[in-house]
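To start, the structure itself, in structure tokens.
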Amino acid sequence: MVGRMVGRRVGIIGAGAVGATAAYSLAFTGTCHEILLYDIVPEVAIGKAIDISQSTNYSPRGTVVRGVVKPEEVKDCDVVVITAGVPRKKDMTRMQLLDINAKIVKEVAQNIKKYSPNAIVLVVSNPLDVMTYVAFRVLGWERNRVIGMGGALDRARMAYQIYQKIGFGMSQVRPMVIGNHGEDMIPYPEITSIAGVPLPQLLSEEDMEDIIQKTKQGGAEIVKYLKTSAFYAPGRAVSVMVEAILSDEEKVIPSCVYLDGEYGHKDVTIGVPCVIGAKGVNKIIEIELEPKIKEKFDKAVQSVKSAIVMLEDSGFFESL
Ligand code: APR
């Protein structure tokens, strides 16, 4: 592990597939001293915490994993990860899902504000960009302390697709994906390299377009086979971000963050390249976007904004 260890305790709210996998990955790598798992269904948090605990005798730090049953027990955390939410059911509209998960994230964020006032918050619940906005508004903290995990996963999915095409350099691909974590995601092969070798010099435009489409379908492809959504790659992506924060690694990771003028936008949360470290988002990197990418980015911003407006119009933020 590189850098300075700045924190010890990680809270995970929502001990479902992604929350538990993130906990396992953190324990496995010895990233922190203690993990607190909380879920609205107490048995889930407790059962999974026991199982993960029984794996940590073999982990580098013997990480302590505890399942807790009251929100107030998730206290004084250095980082809190929010994976709580419900999946979209067949007969549910996007707005209904938005409404349900926004209420969950609101309640969770209110508790974090009370019990872990110095934490950095990592949002994972979907729709990711809007949920990050909800957490940001409810917490009312500096924007660097509220981050959405989307790009870390999307770029890993893009790396997989690139490897499928070229067949080498799997660990050396660090693609860039910006925009929202959803239909308007923008995989950006033109600025991706494999250990410095520019991707456009290895692949045709057609191949790159194929990579873009497959990356965007990355989550759906897994649902098709498993009939449930992914959790290994999302869980690992969460733990990579937590590691970067706790060890102040200052890693460049595309992340969802509140924009205040960057990229020409304000009052919206969306994925852009960020330096992730002890402050959370230590820095937002503004890269120059080619016109066709800027157009896509603006479209992604509008789609996040329209969901925020729907919440706004329903009076969601009034009681804050
Ligand atoms: N407080 C705490 N936990 C809650 C709450 C709440 N208010 N509401 C729901 N939960 C819990 C559920 O009991 C469940 O165990 O959140 C967990 C969600 O887990 P899964 O349904 O397994 O979903 P998962 O695949 O882990 O995804 C979690 O991350 O990637 C996103 O779209 C995904 O929004 C979803 C989230």
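Just follow the structure's listing: the first ligand is 1, and inside any ligand the first atom is 1.
- Contact of the N126 side chain with the M131 side chain is not registered, since no non-hydrogen atoms from C-beta on lie closer than 4.5 Å.
- In this structure, H265 and F297 have tilted ring planes: the angle between them lies in the 30° to 60° band.
- When only modelled atom types and interatomic distance are considered, N144 and Y258 share no side-chain donor-acceptor pair under 3.5 Å.
- A salt bridge links E312 to R137: at least one charged side-chain nitrogen sits closer than 4.0 Å to a carboxylate oxygen.
- Distances below 4.0 Å separate heavy atoms of S229 from the following atoms of ligand 1: 25 (O).
- Residue I104 has at least one heavy-atom neighbour below 4.0 Å for each of these atoms of ligand 1: 5 (C), 6 (C), 7 (N), 8 (N).
- In this structure, of P87, A15, G219, the residue bringing a heavy atom nearest to atom 21 (O) of ligand 1 is P87.
- Checked by distance only, ligand 1 and A230 stay at 3.5 Å or farther apart across all their nitrogen or oxygen atoms.
- Given atom 10 (N) of ligand 1, the protein heavy atom at minimum distance is I40 CG2, 3.7 Å.
- Between T192 and I162, some side-chain heavy-atom pair lies under the 4.5 Å cut-off.
- Side-chain N or O atoms of R9 include none that pairs as donor or acceptor with a backbone N or O of C77 at under 3.5 Å.
- Residue V124 has at least one heavy-atom neighbour below 4.0 Å for each of these atoms of ligand 1: 29 (O), 30 (O), 31 (C).
- The shortest contact between atom 35 (C) of ligand 1 and any protein heavy atom is with N126 N, 4.1 Å.
- Each of the following atoms of ligand 1 lies closer than 4.0 Å to a heavy atom of T83: 18 (C), 28 (C), 36 (C).
- Within the structure, side-chain hydrogen bond (donor to acceptor under 3.5 Å, both in side chains) pairs that include any residue of residues 16-27 comprise S25-R236, S25-S239 (at least two apart or interchain).
- Nearest heavy atom pair, residue P254 against residue V177, reads CB-O, 3.2 Å.
- Contact analysis leaves P234 out of contact with ligand 1, as no non-hydrogen atom separation drops below 4.0 angstrom.
- Across every non-hydrogen atom of K266 and G261, the tightest pair is CG-N, 3.5 Å.
- Remark: minimum distance from atom 18 (C) of ligand 1 to any protein heavy atom is reached at G85 O, 3.6 Å.
- Remark: ligand 1 and D39 share an N or O pair separated by less than 3.5 Å (distance only, no angle test).
- A side-chain donor from one of S303 and N180 sits under 3.5 Å from a side-chain acceptor of the other.
- Using modelled atom types, one finds no donor on one side chain facing an acceptor on the other under 3.5 Å when comparing D129 with H181.
- Here's the thing with Y38: none of its N/O atoms is less than 3.5 angstrom from an N/O atom of ligand 1.
- For ligand 1, the atoms closer than 4.0 angstrom to any heavy atom of V41 are 13 (O).
- Considering backbone and side-chain atoms alike, I13 places every N or O at 3.5 Å or more from each N or O of ligand 1.
- The single protein non-hydrogen atom nearest to atom 27 (O) of ligand 1 is V18 CG2, 3.7 Å, given as residue, atom name and distance.
- Atom 8 (N) of ligand 1 is approached by the protein to below 4.0 angstrom, counting heavy atoms only.
- Among protein heavy atoms, atom 22 (O) of ligand 1 sits closest to A17 N, 2.9 Å.
- Close N/O approach between V108 and ligand 1 is not found [any backbone or side-chain N/O within under 3.5 Å].
- Protein heavy atom closest to atom 19 (O) of ligand 1, with residue, atom name and distance, is G16 CA, 3.2 Å.
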